[in-house]
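Below, all heavy atoms of this structure are taken into account, side chains as well, without hydrogens, waters or symmetry copies. This chain uses plain numbering: 1 for the first residue, then up along the sequence.
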Amino acid sequence: SAATNANESIEAVLIIATAPYSANHVMALWTQLECLTSGIDRVLISAPDTEWSRDIIAQVIYRFTQLSNTSSFTLEAVFNLNNRYDVGLWCDGLDHIDAHNTSTGVPRAVFLINDSAAALRRYDALTNRIINATHIEHLNMTNEKGSVKLISLNGDLINPGDFTTYWVESVYRGLTPDGTSIFYQHSCSNEQRRACVGKRDYKAKDCIVDQFEMAISNSYTPSDLESMFPSFPPKE
């Protein structure tokens, strides 16, 4: 029955892209482990494959496991060459969980965050909305209210000319299985992974925003996208 299916387990995976160059990055990472893991089954830290990065992440995992006494989620790390910014680290994490193989049986909700923002208190509204959307998608009720594929913590609906673009900012996003598949096809091809390589500072930032926050929305239909909060305050 539909009711039985609705209770079918969904695996919720949080992939944190981090290059822990400073104490602030480590602090942000720690707050995310503390505050954004309610309802999450598996946390994957995706970090650069260098000695300093491996050492820092190993310390974080050791201390967090020691101090938090939590067994509510599994915590692991994956290390790869960090030459494609956050998007590259997220794609490495998606490869690690074999995200493009959707035949695993259990529907998977995926959450992508980077270490540019610290959490101040527990927050699970984005998690709950995507887990609900994953249920709806799995039951193939995609015309239902709550049916979305990607939710960004903050975003903006932009109308340049006649076509509508959604700027889904990349600090923290949640994806249903269909949403993950579209994200992977758009962002994780070899060509796309290298789209912003070689650019520096603001040029790199502009490229990332254009390629992976704005252009990606064209891979989805407008009704597939939502944000929890607006990027800009309303005029009033």
Should [X] and [Y] be counted in the same cluster of Ile, Leu, Val, Met, Phe, Trp and Tyr side chains packed under 4.5 Å apart?
X      : Y      : answer
Leu67  : Phe64  : yes
Ile57  : Tyr62  : no
Leu14  : Leu33  : yes
Leu126 : Phe229 : yes

Note, [X] side chain near [Y] side chain (heavy atom, < 4.5 Å):
X      : Y      : value
Asp156 : Pro230 : no
Thr50  : Phe79  : no
Ile45  : Thr18  : yes
Ile10  : His135 : yes
Leu175 : Leu112 : yes
Val168 : Arg173 : yes
Arg121 : Cys35  : no
Asn154 : Met228 : no

When you measure from the side chain of [X] to the backbone of [Y], do you find a donor-acceptor pair of N or O atoms at a distance under 3.5 Å?
X      : Y      : answer
Asp224 : Tyr220 : no
Gln32  : Asn114 : yes
Ser38  : Asp124 : no

Is it true that [Y] and [X] share a donor-acceptor pair across their side chains at a distance under 3.5 Å?
X      : Y      : result
Thr176 : Glu137 : yes
Tyr184 : Asp95  : yes
Tyr166 : Ser227 : yes

Got a second to check how far [X]'s [atom1] is from [Y]'s [atom2], nearest 0.5 Å?
X      : Y      : atom1 : atom2 : value
Ile182 : Lys149 : CD1   : NZ    : 5.0 Å
Ile216 : Ser187 : CD1   : OG    : 4.0 Å
Thr127 : Asn132 : OG1   : CG    : 12.5 Å
Cys91  : His186 : SG    : NE2   : 10.5 Å
Asp49  : Leu89  : CG    : CG    : 11.0 Å
Ser219 : Leu150 : OG    : CG    : 10.5 Å

Can you name the nearest heavy-atom pair linking [X] to [Y], along with the distance?
X      : Y      : value
Met27  : Ala118 : SD-CB, 3.9 Å
Pro20  : Val26  : CB-CG2, 3.9 Å
Pro177 : Thr134 : CD-CG2, 3.5 Å
Val171 : Ala117 : CG2-CB, 3.7 Å
Ile113 : Trp90  : O-NE1, 2.9 Å
Ser223 : Val148 : O-CG1, 3.8 Å

Which of parallel (below 30°), tilted (30 to 60°) and perpendicular (above 60°) describes [X] and [Y]?
X      : Y      : result
Phe232 : Trp167 : tilted
Phe111 : Tyr172 : tilted
Trp52  : Tyr21  : tilted

- Item | Neighbour count above 12 (heavy atom, 6.0 Å) for Gln66 CD | yes
- Task: Test Leu120 against Thr31 for side-chain contact (heavy atoms from CB on, under 4.5 Å), laying out the working first.
- Result: CA-CA 7 Å; Leu120 298 180; Thr31 67; over 6 Å; no
- From CA spacing to verdict: side-chain contact (heavy atoms from CB on, under 4.5 Å), Ile16, Leu36: CA-CA 11 Å; Ile16 305 174; Leu36 302 180; over 6 Å; no
- Query: Between Glu76 and Arg42, is there a side-chain N and carboxylate O pair less than 4.0 Å apart?
  - Reply: yes
- Among Ile15, Thr37, Val13, Ile61, side chain to side chain contact (heavy atoms under 4.5 Å, CB included) partner for Val43: Thr37
